[in-house]
Each structure stands twice: as C-alpha cells, then as structure tokens.
There are 2 protein chains.
Amino acid sequence: MDTKTALLESAERLARQRGFDAFSYADLSKEVGIRKASIHHHFPTKADLAAELMIRYRESFMASLDDIARTEPTAGAQLTAYFARYKAAMNGGAQVCLCVSFSVSVSSFDAPVVRQINRFHAESLAWLERLFELAQRDGSIVGVVDPAEDAQACLAVVEGAQLVARASGDLADFDAAIRTTVRRVV
Amino acid sequence: MDTKTALLESAERLARQRGFDAFSYADLSKEVGIRKASIHHHFPTKADLAAELMIRYRESFMASLDDIARTEPTAGAQLTAYFARYKAAMNGGAQVCLCVSFSVSVSSFDAPVVRQINRFHAESLAWLERLFELAQRDGSIVGVVDPAEDAQACLAVVEGAQLVARASGDLADFDAAIRTTVRRVV
DNA sequence: GTCTATAATATGATAGAC
DNA sequence: GTCTATCATATTATAGAC
C-alpha cells in the first residue's frame, strides 16, 4: 500500500473512532511511520485531508451498495445486507461510519466537505428509496407505503443505531435499534 | 445567572454545535467574559466540565420527559411532544442533542462521563418503552408489537434524524426522518 | 517523497496576587 | 472568585536540505 493510502486508512479509522477534531497529524505520523511534515506533502492542510477522506468514503460505500443491489435478488435480502455492511464497519462498537462522525463535526469543515456529507446522505436515500420501491413489487418487505419515507427513516435509524452502540461499545444495541425494521423483512 | 451556570450554558451550546473536542476554554472565556484561568476555578479540568455538562443535560432532559408524561394524556400526544422537544432543541439545524455529540466523542471521555451517556440512553429507552406500553392500552399509536423494540427504534431514529438535519442545516430533513413513526399516531 | 528545523499559535492547566 | 503571568505541550503549517 502506498503512503497516501496508508494515511487515508489511518485517518479514516481515527476520525471514526475519535472524531475529526480529536486526531492530529502527530497521530498519523506515529501510525504510518513518517514525519508530520511529510504528511503535508500528501495533504497540504487538514481540510484537504477531510475532503479526500469523505470523497473516498462515499465512493467506496456507494460501490458496496451497488454490489449489494447486484448480488442480492430481493429487497429484503438487500436491506439485510445493508445493515450488515454498517454493523461490520463498526469494528465491534469501537467506531461509527465516517458520515456520522463528520455530521457532528460539520462546523469544522468548509463547503466542499459539507457538500460531500450531504451527497453521501442523498445517494444513500436514493439507493434506499429504490430498494423500498423494489419491495413494493417483490413483496419482500411488508408495510411499505411510501418508499421515500421508508428510506429517510431507514437512514436515520441506521445512523442512530451506531451512536447508541458506539456509546455502549456493544453491538447488541445496534441490533436492537434496527430490529423493528428487520422484522419487516418477509 | 451565576458564572458557573453561564459557563455550562455556553459549553453546552458549543459542544452541541461543534463537538466536545472543537471548543476550548478560550472560547468559553470570550463568550462568558471571564479569563481562561478563572474557568478552572469552576471546572478544574475539561473532564470535570464534561461530567457536569452531561449530568445537567440528562437531569434536565428527563425532567422535561416527565413533564410530557404528566401533561399529555395519550401515548400518541406524548410521542409528538417528544419529537417536538428534540426538534426545538436543534436550534434550526445548527446543533444536535448533547448525547448525540458526546456519543461520537466517547473516546475523549473518562468512565464517569461515558456512564452518564449510557444512562441518558437507558432512561430514554425506559421512558419510551413505558410510552409504547401505554399506546398498547390506549390505542393512540398503531402497530405496537413489542414496546421495548419500538423504544429502541424510536431513540435511534430521533438521534439519526438530528445527524441528517445537522449536516444539511435543514429541519425538514428531521421531519422527513421521523415521518413514518409520526404516521403511526392515530 | 521524506527529512530536520522551525515557526506561530492554541491548548489545558497551575501559581500566586488581589 | 477573578485576575496576571506563566508553563509544558500540542497544533497546523512552512522552508529548505537531501
């Protein structure tokens, strides 16, 4: 893995574990094994790092959602995979998704980063809305009245579930929070 | 208002707007109008401030929930008031609830503060579970199968709704996220 | 691309006068 | 209870050698 990628991986994990304002170039320096000054060659400012982190995260996450849509045949199976994707990314309760972390720190970012956060939400909602539309056709999720509203509720519940599980450090709290939604899968 | 209370109010707003690691004693100093050193008289360390912030927030929030339970006769009306309480506290999309903010920064806190965060969640869940039990009796919310599960989902959705609305700065996103739940109120 | 060295500023925190 | 003065350390960031 090249240095820049190693820095991004390290920064993403730290941001998701601690929050964006609770890690520094000094932390990255220790983890990756290059000097602080060298990090500025790859990311001149921390704002640049934030932008690249969020772009990479969004692209990677959306690619995995496309993967789910391609692999799982029913809406119910896709929803199950969607939750599993988030749960696996929580690292046992030690971190939240980058978008959750960045949403709380939104005042620390400039407009381009904020746009990326909102784009993450928008693309997630579009994917979920398509999922609930499919559910109306294939009947694999019960009680879908308005796919757009189910999508918005589903995104909120999966983000909130992470917060509760992060605070307790117990993934059982993540499962508990999504249970009423999971129960709707036939 | 005495100085200590002014400091708590200021710190709470800053923590909810920016995150706990993104405000300093210097910020408090400017807002309240006393020197940095004087703040340490009231809160020797920032950890002390965090603990007092979370205790005060939890007590105040739970008192307002008790208020809702005493005032609103039906479970449906109580749920509506619960959401309204959160929405009003978002200050037009400029901040989230202290518990959401602190949950992301959980690694910055010592055990007493983490306990307070989890106690906030536990007491919220107990209150919501009682609400959904009432709903089963008074029929003011449809589709309640397991009050504990509805409570867990409800807490997650209201926390996640804040994240989405904070990122966009638009309270319409908060309303959109809670809509499927609100629709269940008869 | 990475290093050493350094800058300018911010941080949480303490000592002691008033 | 608030102040001035100070501390040790951490922060983001830059200049210039290799």
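Residues passing the side-chain contact (heavy atoms from CB on, under 4.5 Å) test with B:Arg56, sequence neighbours excluded: B:Thr5, B:Leu8, B:Glu9, B:Glu12. When the ring-ring contact (aromatic ring centres under 6.0 Å, His included) test is applied to A:Phe109, the partners found at least two apart in sequence or on another chain are A:Phe20, A:Phe102. Partners of B:Ala75 under the side-chain contact (heavy atoms from CB on, under 4.5 Å) rule, at least two apart in sequence or in another chain, are B:Leu131, B:Leu134, B:Ala135, B:Asp138, B:Ser140, B:Ile141.
Regarding contacts with the backbone of C:dT2, every side-chain N or O of A:His41 stays at 4.0 angstrom or more from both OP1 and OP2. Of the side-chain N and O atoms in B:Thr3, none sit less than 4.0 angstrom from OP1 or OP2 of D:dG1.
Through direct or relayed side-chain contacts under 4.5 Å between Ile, Leu, Val, Met, Phe, Trp and Tyr, A:Met1 connects to no other residue. Residues B:Val186 make up the rest of the hydrophobic cluster containing B:Val142, defined by ILVMFWY side-chain heavy atoms closer than 4.5 Å, directly or through other members.
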Per-nt protein contacts along nucleotides 3-18 of chain D (heavy atom under 4.0 Å; B base, S backbone sugar-phosphate only, - none) come out as BBB-----BBBB----
